[in-house]
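Index from 1, following the sequence. Just so it is clear, the values below take in all heavy atoms, side chains as well, and ignore hydrogens, waters and symmetry mates.
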Amino acid sequence: MTGASKGIGKAIAEQFLEEGANVVVNSRSSDRAKTAASELDPEGERAIGVAADVTDYDAVHDMVDRAVEEFGSVDIMVNNAGITDIQPAEEFGPEEWRRVIDVDLNGVFFGAQAAAKQMIEQGDGGAILNISSMIGDMGFKMRGPYCTAKGGVNNLTQVLAVEWADYDITVNALAPGFIYTDITDQTQDSGGYTDDDIYKRTPMERYGSLDEMAECATFLVSQNNFVTGEVLTADGGWTADAWRYWDDRGE
């Protein structure tokens with residue numbers, strides 16, 4: 001599971017452990033990965049921390065190999081690692097743009113491909129879950145590369161689901177709305193919004209929780225739901241409610 005040392009990724013890892021799965025906790029930092037794994041599994045029997053930069057093709061494949069060495073197989077892959085960069089489109093430099101695309105889109109493909117190759121070799125099917133975003137399907141100012149990458153993740157999810165269905169591998173995406181994590185304050189400062197802005201714009205009038213995202217993820221990797229090629233948007237009604245946006249602007 002990439003990007004699993006904190007936030008949504010760590011919450012999903014915790015849920016999977018509770019459901020009886022063994023978990024590989026990934027981060028770019030070996031220390032963060034190992035610390036998170038020990039927090040999730042103090043006994044050290046069912047979770048390991050593995051460092052890998054998801055933009056490094058070979059490192060991602062090595063991570064999958066490590067999972068097989070430790071636990072014998074790879075049955076589920078969650079591609080969660082992601083970054084953002086908030087600034088006006090005219091100000092993005094080429095390296096800033098490429099970095100977001102590289103992590104948020106290329107990294108998802110590398111992780112999905114590495115896992116699928118192993119699942120195909122195993123011959124028992126599997127489940128791949130890509131973490132997208134509700135703004136992968138809409139324009140959101142000052143988030144050009146992030147929206148672009150997440151839109152790509154949504155389409156990539158469909159392509160891979162169709163290609164790997166013959167191997168009984170499901171590929172789905174989870175598209176969260178605004179979820180309160182440890183970096184929410186940071187993105188609020190750079191994005192220019194407040195908690196109250198989120199409450200007013202969201203029909204459920206709150207942030208989503210990490211536990212809720214973990215529950216969604218657990219459903220999407222189930223082998224008994226006949227769901228593949230889908231993007232599940234979990235945003236408290238944000239994308240469904242166009243009127244609320246205009247109503248708030250008029251206040």
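- More than 12 heavy-atom neighbours from other residues, nucleotides or ligands sit within 6.0 angstrom of CZ on F71.
- By the side chain to side chain contact (heavy atoms under 4.5 Å, CB included) test, T55 pairs with D53, R99, D102, V103, sequence neighbours left out.
- Under a 3.5 Å cut-off, the side chain of N80 and the backbone N or O of I131 do not form any donor-acceptor pair.
- Judged purely by atom type and a 3.5 angstrom limit, E96 uses its side chain to pair as donor or acceptor with the backbone of G93.
- Atom OG1 of residue T194 and atom NZ of residue K200 lie 7.5 Å apart, to the nearest 0.5 angstrom.
- In the hydrophobic cluster analysis, where Ile, Leu, Val, Met, Phe, Trp and Tyr join through side-chain heavy atoms closer than 4.5 angstrom, M138 is grouped together with I198.
- Of all the heavy atoms in V25 and A36, the pair that sits closest is CG1-CB, 3.8 Å.
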* Does the pair I48 and V50 meet the rule for a side-chain contact (heavy atoms from CB on, under 4.5 Å), with working shown? -> CA-CA 7 Å; I48 61 170; V50 178; 3.9 Å; yes
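- For the pair A214 and A11, the tightest heavy-atom approach, listed with the atom from each and the gap, is CB-O, 3.6 Å.
- Across V74 and A115, no two heavy atoms sit closer than the pair CG1-CB, 4.4 Å.
- Using bins of under 30°, 30° to 60° and over 60° for the plane-to-plane angle, the ring pair F140/F178 lands in the tilted bin.
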* Could you walk me through whether R66 and E69 pass side-chain contact (heavy atoms from CB on, under 4.5 Å), step by step? => CA-CA 5 Å; R66 176 69 190 284; E69 292 172 5; 4.0 Å; yes
* Asked: Where do I12 and M1 land on the side-chain contact (heavy atoms from CB on, under 4.5 Å) test, with the steps shown first?
  -> CA-CA 9 Å; I12 294 173; M1 181 182 306; 3.6 Å; yes
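- Side-chain contact between E18 and Q15 is present, with heavy atoms from C-beta onward closer than 4.5 Å.
- V100 and M142 fall into different hydrophobic clusters, where Ile, Leu, Val, Met, Phe, Trp and Tyr side chains are chained together by heavy-atom contacts under 4.5 Å.
- A donor-acceptor pair is defined here as one N or O able to donate and one able to accept, closer than 3.5 Å; such a pair exists between the side chain of T2 and the backbone of A81.
- Annotation for E121: atom CD does not count as buried by contact number, only 12 or fewer foreign heavy atoms lying within 6.0 Å.
- Between Y207 and Y199, the shortest heavy-atom distance links the atoms CD1-CE2, 3.8 Å.
- A single hydrophobic cluster is seen to contain both Y193 and Y180, as judged by linkage of ILVMFWY side chains at heavy-atom distances under 4.5 Å, directly or through other members.
- Interatomic distance, CD of Q113 versus CE of M77, reported as 11.0 Å (0.5 Å rounding).
- V60 and I128 fall within the same hydrophobic cluster, where Ile, Leu, Val, Met, Phe, Trp and Tyr residues are linked whenever their side-chain heavy atoms come under 4.5 Å apart, directly or through other members.
- Within the model, atoms CD of Q118 and NE2 of H61 stand 10.5 Å from one another, a figure rounded to the nearest 0.5 Å.
- Formation of a donor-acceptor pair under 3.5 Å by the D75 side chain with backbone atoms of G126 is not found in this model.
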* Go through the steps for I83 and D104 under the test side-chain contact (heavy atoms from CB on, under 4.5 Å), then give the verdict. => CA-CA 7 Å; I83 61 172; D104 293 3; 3.9 Å; yes
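- From T181, atom OG1 reaches atom CE of M213 across 12.0 Å, with rounding to the nearest 0.5 Å.
- For T202 (side chain) and M204 (main-chain N/O), no donor-acceptor pair under 3.5 Å exists by modelled atom type.
- Side chains of N172 and V231 form no contact here, defined as non-hydrogen atoms less than 4.5 Å apart.
- Between the T228 side chain and the V171 main chain, a donor and an acceptor come within less than 3.5 Å of each other.
- Side-chain N or O atoms of T157 include none that pairs as donor or acceptor with a backbone N or O of G229 at under 3.5 Å.
- At distances below 3.5 Å, not a single donor-acceptor pair connects side-chain atoms of R46 with backbone N or O atoms of V23.
- Closest approach of P203 and R201 over heavy atoms only: CD-O, 3.6 Å.
- When all heavy atoms are compared, the tightest approach of A175 to M134 is CB-N, 3.8 Å.
- Listed for the N155 side chain is no donor-acceptor partner under 3.5 Å among the backbone atoms of G152.
- Take A51 and apply the side chain to side chain contact (heavy atoms under 4.5 Å, CB included) test, not counting sequence neighbours, and it matches S30.
- Here CD1 of I135 is found 5.5 Å from OH of Y146. Values are rounded to the nearest 0.5 Å.
- L160 and Y57 fall within a single hydrophobic cluster, where Ile, Leu, Val, Met, Phe, Trp and Tyr are joined by side-chain heavy atoms under 4.5 Å apart, directly or via other members.
- Interatomic distance, N106 CG to R98 CZ, rounded to the nearest 0.5 Å: 11.5 Å.
- Within the 4.5 Å cutoff, the side chain of D65 has heavy atoms near those of the D62 side chain.
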